[in-house]
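Heads up: the structure comes next, in structure tokens.
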4 protein chains.
Amino acid sequence: MINRVVLIGRLTRDVELRYTGSGTAVGQFTLAVNRSFTNRNGEREADFITCVIWRKSAENFANFTHKGSLVGIEGRIQTRNYDNAEGQRVYVTEVVVDNFSLLESRNQGEQRANQGGYQANNNSFGGNNSQPQAPTQPRSQAPQGPSNPAPTQNNSQPASNPNDPFAANGDSIDISDDDLPF
Amino acid sequence: MINRVVLIGRLTRDVELRYTGSGTAVGQFTLAVNRSFTNRNGEREADFITCVIWRKSAENFANFTHKGSLVGIEGRIQTRNYDNAEGQRVYVTEVVVDNFSLLESRNQGEQRANQGGYQANNNSFGGNNSQPQAPTQPRSQAPQGPSNPAPTQNNSQPASNPNDPFAANGDSIDISDDDLPF
Amino acid sequence: MINRVVLIGRLTRDVELRYTGSGTAVGQFTLAVNRSFTNRNGEREADFITCVIWRKSAENFANFTHKGSLVGIEGRIQTRNYDNAEGQRVYVTEVVVDNFSLLESRNQGEQRANQGGYQANNNSFGGNNSQPQAPTQPRSQAPQGPSNPAPTQNNSQPASNPNDPFAANGDSIDISDDDLPF
Amino acid sequence: MINRVVLIGRLTRDVELRYTGSGTAVGQFTLAVNRSFTNRNGEREADFITCVIWRKSAENFANFTHKGSLVGIEGRIQTRNYDNAEGQRVYVTEVVVDNFSLLESRNQGEQRANQGGYQANNNSFGGNNSQPQAPTQPRSQAPQGPSNPAPTQNNSQPASNPNDPFAANGDSIDISDDDLPF
DNA sequence: TTTT
DNA sequence: TTTT
């Protein structure tokens, strides 16, 4: 059966990159996708779409994007659920990314940063799961391969849920391999 | 910005068709989309994707599908939120459908029903927002136009949420026109 | 960069399955995709879209479809060109398929055949490049693996072009590996 | 039936904007879409995909893009044919665009022009058939409405075909309304 | 040079 | 709980 999504949008934050217990990289981010129409007040709203990306792709994507980056992504819609700490079932709908395209050159990102904003450090390349083009100066150095599952510490999220692989607790990380896309 | 989804799957139930206060038809349904791969136990899982369809399209879609119907749909991912009765913010991710294609002929649906199943009464046509092909014998007669906003009663859902336009309460209906796709 | 196509349509003929010099399977077929609108004469026209599929996927697809089969496919648009026998450059636009979904069960295909038609022998399964579901009774037995590159003879096409990998000449087959999708 | 295409790429030339006999605007352009993989020589190739856009969208798109512009488009694959001057049937496969998104701000386009290249004058907005955002300074002034069907003269193409609506002959224009998307 |  |  067919399940295909294509989005163009901007990252609402830097990618959150983590590692499963067995060392598989997994990135999580939200894409703000502006609607092509305005509401009754003449405002252009956006959809905020949660995305997940796995393995080498996750590391590439995290290294060459940051908050505000304009990207194109391809993937599939995934639904899953888990029981939270209060014993309630939580339903999640997200996009599992299997191809992406960075739509701003390094220069453009930096220029935006200088004009407006925040620190920019991206690079323009079309990437997919296996063959990114030669990047220059990644944002941060990720662990080399799955053999060194050093979880990214992330304390910027408020509370945390030990059952949600993406509820950052800034503590021990526990992403089950059951969440792997295959 | 681009936001495009294409799905092929089966309805988990009959479409829930309602009307906004101003008489606009709105249908809600869940599509079960089988994954193209199996999990570590060799089982083929499915994603259960909530979809929304509006206006004449909603009525056409509701009239010519039923639980189990195989359909192709096109749309966009929408995110929205509302505060529930307990004062908690609830986040919703769903697909707003703007084109669909019925993938089973009437005969096939009936045949499935006779062999297995449930009452079948669909028809094969490719539809989109404006030009369905001549159907024969709709499943039920929808109100003619937006002038008669008779809500479909539906008590089959467990609890209900007065603030979620799609939390069926089988009582008074209150879908705001703010949920209209434009 | 993003290049994504999703189609639902019917095969205008059986898949033409061949093998490159190095034994890679390649299938070619045309999908008739009915438009969702009618022309000024009230007729529903179709687009006839040339598709290519490679390797094990090609063999699976060929074995479980036939003329008239309803399928969903995913892929990318590819353009290429070659010089024909008359020394003219020929431009080709086609869809390279990387995932497909069969939308008719075996029963349905046979039923169509009995009612109308032609010999039916398909099977319902969702397939993609690597993991087709257990099929029953393929249409024909393909060579086992790339080690035995027995080309499918096909004399049903009129003329032939030694430079077009898909201009069937019913003679020696000469598909260059340059046409491989990677 | 479903027929959906999403592309991100760059215009190989400025859009060719013309008008049918009845004054409907129609734009034609080719999108260069880089592949996400390299060939056996390590080179990244591109697909060159012919696109068509109609009506107000065509005028908006033509006014705010130019050779080299990075754009995202959505549409459907269309096939058609015509008989050329030599009496041969010519088959055309192209994408009919129904939504687009400009992926470079005006600044970026101008910066590219200053650094490398060509005159830049675009603007960043997401457009679709009906609601472009306020643009500033279009590239050229298109005729106001369908009442003044002044064809764009374009002699940059080599030969020409009086039967192909898109074979620019720089002479009299003759695009049939039969080519309208509905 | 086409499918249902 | 958000991007430009």
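All chains are named by letter (A, B, ...) in the order of the sequence lines, taking the proteins before the strands, and each is independently numbered beginning at 1. It should be emphasised that the depicted structure is a prediction, and the values quoted were computed from it without experimental measurement.
Atom CD1 of B/I73 is separated from atom CG of B/L102 by 12.0 Å, given to the nearest 0.5 angstrom. To the nearest 0.5 Å, the span separating CD1 on B/I8 from CG on C/L103 amounts to 5.0 Å.
Nucleotide F/dT2 holds its P atom 10 Å from the CG atom of B/N81, rounded to whole Å. The distance from atom CZ of C/F48 to atom C1' of E/dT2 is 5 Å, rounded to the nearest whole Å. As a whole-Å value, the separation of C/E104 CD from E/dT3 P is 15 Å. The CG atom of A/L103 sits 14 Å away from the C1' atom of F/dT3 (whole-angstrom rounding). The nearest whole Å value for the distance from the CD1 atom in A/I8 to the P atom in F/dT3 is 19 Å. Atom CD1 of B/I2 and atom C1' of F/dT3 are 17 Å apart (whole Å). Rounded to whole Å, atom C1' of E/dT2 lies 14 Å from atom CZ of C/R35. Regarding C/L31, its CG atom lies at a distance of 13 Å from the P atom of E/dT3, rounded to whole Å.
Here the nucleotide nearest the side chain of A/K67, chosen from E/dT2, F/dT3, E/dT3, is F/dT3. When distances are taken from the side chain of C/A32 to each of E/dT3, F/dT2, F/dT3, the shortest belongs to E/dT3. Closest to the side chain of A/N34, out of E/dT3, F/dT3, F/dT2, is F/dT3.
With sequence neighbours left out, the side chain to side chain contact (heavy atoms under 4.5 Å, CB included) criterion links C/N34 to C/R44, C/A46, D/M1. Take C/T50 and apply the side chain to side chain contact (heavy atoms under 4.5 Å, CB included) test, not counting sequence neighbours, and it matches C/Q28, C/T30, C/E94.
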